[in-house]
Amino acid sequence: MRLYIAGGCSEHGRNSFLLTGEKVRILVDAGRMKEKPDEPFPLLDEETIAGIDYLFLTHSHTDHTGAISFLAERGFHGRIVASRATLEHIGPLPVASYALEDIGEVMKELHPDPRFSVLYGRAGHCIGSVWYEFRLDGRAVLFTGDYEEQSLAYRCDAIRERAADVAVIDCAYGTEREDAAEHFEALRKLLDSLVEKGAPMLFPVPSHGRGFDLVRLLAERGVTVVLAASLVEEFRNSLDRAFWLREEFQDAVMNLKNRDIGHFEEAYRAALALGLSFPDEYRHDAILVRDSQLVKNENRQIALGVASVGGCTILTGKQDPASYARALLNCGDAVFCRISVHQNIKEMLRLKERNHFRITVPYHCRELLAFDEPDIRVLAPGDALHF
Ligand SMILES: [Zn+2]
Ligand SMILES: [Zn+2]
């Protein structure tokens, strides 16, 4: 058996791992890397691509799915397998696709093909995100995908007591010191102090991810939330909501005090026309916009307005170096308080201890990692592991 790293180890993006057994070839994820525009796609040649039988997707984010057309244009004609929600988020596909839920239940060994079995669990990273354990040719290989056990919104089937010859584990946060629980602790304190102060808050969030964790924290504090229409839609239209979202999150959303973003924008324009910098009636609210880097001019204006009345923009994820979000942080008009959607080294090692992995391969981290443990293998794109 061979595991080939087509991308995603010792780099951030184009996650793609090829498992070659005696009779079947399975690719896990096919991502596109934003950071390297000259080489954004997985390292796979046409002959290899044409021989792939299955592409299993862990979730819909483009660093895991952005190379599907690249594969199709180079002769990929295998089958795509992913959760129903992931397939729905990606949209139309160039080849036949199958929903995991139609193959079988979560956390059960499934046999979609006589050549291998697969087990999937929810990964706690976003709606539709899963981890996989494959068994073929007498070997077991586990892929965590993007993995977060502590999410306040998404359900996770924690990986425990699994035995695998190789485990490819999320380690995106690398040497960052704080783990998910510590980040949430810091965020809770920050929110409590802002709520006490009674100043407006702006949260720029991405699609499908951290926004839901925030909604729960704000709802639990009784804060009125002005929610981007697309986030409301995302919640209302989420496929199999109860399956992907934690019960505590659903309860919190039931009690959420929510104001229409259209009305807020009108009030904001009216305030500006009167020479004010922010509408008075929204001074105690939290505004969530789906624009994590603050690309849109109207959201930049809101950030300035929030700052002008003593409020704060709170960034909860990575900022692109040239983004407005980063500029705001640098000038002190925004604060950074992470919501974890990945693991750091500490969490990766904890996961390793709780399972029985013969070889552990960290992925999703652009740092050059080094470990004393001989069973942790730091690999790079183009490397292969025979086992
Ligand atoms: Zn992701
Ligand atoms: Zn990712």
Side-chain angles (χ1 to χ4, degrees), residues 5-18 27-36 40-43 55-68 70 80 82-83 85-91 100 120-132 142-157 159 167-174 176 180 183 205-214 231 234 238 244-245 290 292-293 316-320 338-345 347-348 351 361-367 369 379-381:
I5 310 300
C9 287
S10 305
E11 64 180 9
H12 188 95
R14 64 166 180 181
N15 298 294
S16 195
F17 312 97
L18 180 62
L27 187 68
V28 175
D29 287 340
R32 183 194 175 114
M33 182 155 50
K34 269 194 266 172
E35 290 168 17
K36 265 197 196 167
F41 295 115
L43 301 177
L55 167 59
F56 278 80
L57 301 172
T58 58
H59 64 294
S60 60
H61 294 160
T62 52
D63 57 322
H64 298 258
T65 60
I68 294 175
F70 164 86
I80 295 182
S83 67
T86 297
L87 293 175
E88 164 119 341
H89 286 164
I90 313 171
L100 282 166
Y120 69 93
R122 289 163 290 190
H125 175 73
C126 65
I127 285 183
S129 69
V130 295
W131 54 269
Y132 290 115
L142 188 140
F143 297 89
T144 65
D146 292 1
Y147 182 81
E148 177 48 65
E149 292 186 6
Q150 311 281 329
S151 168
L152 301 178
Y154 304 109
R155 290 183 195 266
C156 178
D157 298 302
I159 302 172
V168 180
I169 304 187
D170 183 1
C171 190
Y173 296 150
E176 271 188 33
H183 284 306
V205 295
S207 315
H208 312 305
R210 306 188 296 267
F212 281 13
D213 293 85
L214 276 171
L231 281 167
E234 184 181 355
S238 286
W244 296 107
L245 296 168
R290 209 171 186 168
S292 60
Q293 306 298 327
T316 53
K318 184 174 66 110
Q319 309 91 41
D320 295 337
R338 187 188 279 299
I339 290 179
S340 285
V341 292
H342 292 283
Q343 302 193 118
N344 63 4
I345 287 178
E347 291 163 309
M348 184 197 81
L351 196 67
V361 177
Y363 95 100
H364 222 314
C365 182
R366 67 167 78 73
E367 291 173 69
L369 301 175
L379 301 177

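Ligands are counted one by one from 1 in listed order, and the atoms in each one are counted from 1 as well.
For the pair Gln293 (side chain) and Lys318 (backbone), a donor-acceptor distance under 3.5 Å is present. With Ser60 contributing its side chain and Ile90 its backbone, the two residues share no donor-acceptor pair below 3.5 Å. Between the Arg338 side chain and the Thr316 main chain, no donor and acceptor come within less than 3.5 Å of each other.
Classified by interplanar angle (parallel below 30°, tilted 30° to 60°, perpendicular above 60°), the ring pair His61/His125 is perpendicular.
Within the coordination shell of the Zn ion (ligand 2), defined by N, O or S atoms under 2.8 Å, His61 is absent. Under 2.8 Å from the Zn ion (ligand 2) lies an N/O/S atom of Asp63, whether from backbone or side chain. Checking His342 against the Zn ion (ligand 1), every N/O/S atom stays at or beyond the 2.8 Å cut-off. Among the atoms of Cys126, no N, O or S atom is found under 2.8 Å from the Zn ion (ligand 1).
The six-membered or imidazole ring of Tyr120 lies away from that of Phe56, with a centre-to-centre distance of 6.0 Å or more.
Using a 3.5 Å distance cut-off with no hydrogens or angles, the side chains of Asp146 and Thr58 do not pair a donor with an acceptor.
Note on His125: its N/O/S atom closest to the Zn ion (ligand 1) is NE2. Restricting His364 to its N, O or S atoms, the one at the least distance from the Zn ion (ligand 2) is NE2. Sorting the N, O or S atoms of Asp146 by how far they are from the Zn ion (ligand 2) puts OD2 first.
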